[in-house]
Amino acid sequence: MTTPLPAPSLRTARLRLRAFEDADGDGLFALHSSARVLRYWDSPPWSERERAGRFVETCRRMVREGTGVRLAVDRVSDGAFLGWCGLVGWNPDYRSASLGYCYGEAAWGHGYATEAAGSLLRWAFDTLDLNRVQAEADTRNAASARVLEKLGFVREGTLREDCVVNGEVSDSWVYGLIRRDWRPPEEPVSVR
């Protein structure tokens with residue numbers, strides 16, 4: 001039997017991280033149908049709007065089954081949907097999970113990915129008592145690598161030719177963050 005995860009609702013000065021709702025479908029479809037946003041992903045952009053509903057249901061199932069959590073990220077000032085941030089592959093025995101995120105172009109370059117992931121990592125280390133969080137980034141995705149490094153992740157290696165992105169064989173960097181190396185963000189994060 002699986003144990004459901006405690007799905008958090010987190011807030012920083014600029015962002016709100018919350019469970020996905022059915023109403024997020026349009027924002028999710030816009031995000032995941034963008035070839036530019038998904039240019040380093042190992043899956044093609046969505047072409048059917050129904051994919052958004054399946055994504056939301058998958059997020060809910062992960063929480064129920066205790067395997068992960070993906071949260072919508074909204075800007076506090078205007079409520080705009082920016083993207084999502086999540087922890088998947090949660091293993092309570094190993095006290096580990098994998099971090100992932102995806103943001104629309106309008107959110108790039110504002111520090112939102114770092115801020116949201118920092119908030120989620122604080123929750124993960126404090127509430128889930130994680131010891132290790134892993135992340136992967138396409139070796140061509142310098143922006144994602146910077147986000148991970150700002151959060152304290154250490155590049156641990158390269159997975160050579162581990163996926164095909166837009167028809168091209170691609171390498172990925174593997175990053176790890178160990179609890180003892182974790183430095184929480186300066187800004188306090190409220191949990192609701």
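The figures that follow rest on heavy atoms only: side chains count, while hydrogens, waters and symmetry mates do not. Keep in mind the model is a prediction, meaning the values are calculated, not measured.
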Check the pair Arg183 / Leu151 against side chain to side chain contact (heavy atoms under 4.5 Å, CB included), numbers first and verdict last.
CA-CA 8 Å; Arg183 301 292 174 261; Leu151 291 165; over 6 Å; no
Of all the heavy-atom pairs spanning [X] and [Y], show the shortest one and how long it is.
X: Leu17; Y: Ala116; answer: CD2-O, 3.6 Å
X: Phe81; Y: Leu28; answer: CE2-N, 3.9 Å
X: Ala80; Y: Asp78; answer: N-OD1, 3.0 Å
X: Phe153; Y: Val133; answer: CE2-O, 3.3 Å
X: Trp173; Y: Ala145; answer: CZ3-CB, 4.0 Å
X: Leu31; Y: Leu82; answer: CD1-O, 4.5 Å

Side chains of [X] and [Y]: do they bring a donor and an acceptor to under 3.5 Å?
X: Ser144; Y: Tyr101; value: yes
X: Asp171; Y: Thr139; value: no
X: Asp162; Y: Ser172; value: yes

Salt-bridge contact [X]-[Y] (side-chain N to carboxylate O under 4.0 Å):
X: Glu168; Y: Arg140; value: yes
X: Arg39; Y: Asp138; value: no
X: Glu156; Y: Arg132; value: yes
X: Asp24; Y: Arg18; value: yes

Quick one: do [X] and [Y] end up in the same hydrophobic cluster if we chain Ile, Leu, Val, Met, Phe, Trp and Tyr together by side-chain heavy atoms under 4.5 Å apart?
X: Phe125; Y: Trp90; value: yes
X: Leu148; Y: Trp41; value: yes
X: Trp108; Y: Tyr112; value: yes
X: Leu71; Y: Met62; value: no
X: Val56; Y: Leu38; value: yes

Spacing of [X] atom [atom1] and [Y] atom [atom2] [to the nearest 0.5 Å]:
X: Ser96; Y: Gln134; atom1: OG; atom2: CD; answer: 8.0 Å
X: Arg60; Y: Glu21; atom1: CZ; atom2: CD; answer: 8.5 Å
X: His110; Y: Tyr103; atom1: NE2; atom2: OH; answer: 13.0 Å
X: Leu130; Y: Leu87; atom1: CG; atom2: CG; answer: 6.5 Å
X: Thr67; Y: Asn91; atom1: OG1; atom2: CG; answer: 11.0 Å

So if I apply the salt bridge (Lys or Arg N to Asp or Glu O under 4.0 Å) rule between Glu115 and each of Arg11, Arg14, Arg16, which one comes out positive?
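So the option named by the test is Arg14.
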I'd like to know whether Tyr175 forms a side chain to side chain contact (heavy atoms under 4.5 Å, CB included) with Glu136, so could you lay out the CA-CA distance, the side-chain angles of the two residues, the decisive distance to 0.1 Å, and finally the verdict.
CA-CA 6 Å; Tyr175 284 87; Glu136 293 180 16; over 6 Å; no
Glu149 CD: over 12 foreign heavy atoms closer than 6.0 Å:
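More than 12 within 6.0 Å, yes.
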Side chain to side chain, [X] and [Y], heavy atoms closer than 4.5 Å:
X: Leu10; Y: Arg122; answer: no
X: Ser170; Y: Asp42; answer: no
X: Thr127; Y: Pro8; answer: no

Tell me if the centroids of the rings in Trp84 and Phe55 come within less than 6.0 Å of each other.
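For Trp84 and Phe55, the ring centres are under 6.0 Å apart.
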Test side chain to side chain contact (heavy atoms under 4.5 Å, CB included) on Val174 and Leu159 and set out the steps.
CA-CA 7 Å; Val174 176; Leu159 298 174; 3.5 Å; yes
Checking His32 against Cys102 for the side chain to side chain contact (heavy atoms under 4.5 Å, CB included) test, could you report, in this order, the C-alpha distance in whole Å, the side-chain angles of both residues, the deciding distance, and whether it holds?
CA-CA 9 Å; His32 281 273; Cys102 184; 4.2 Å; yes
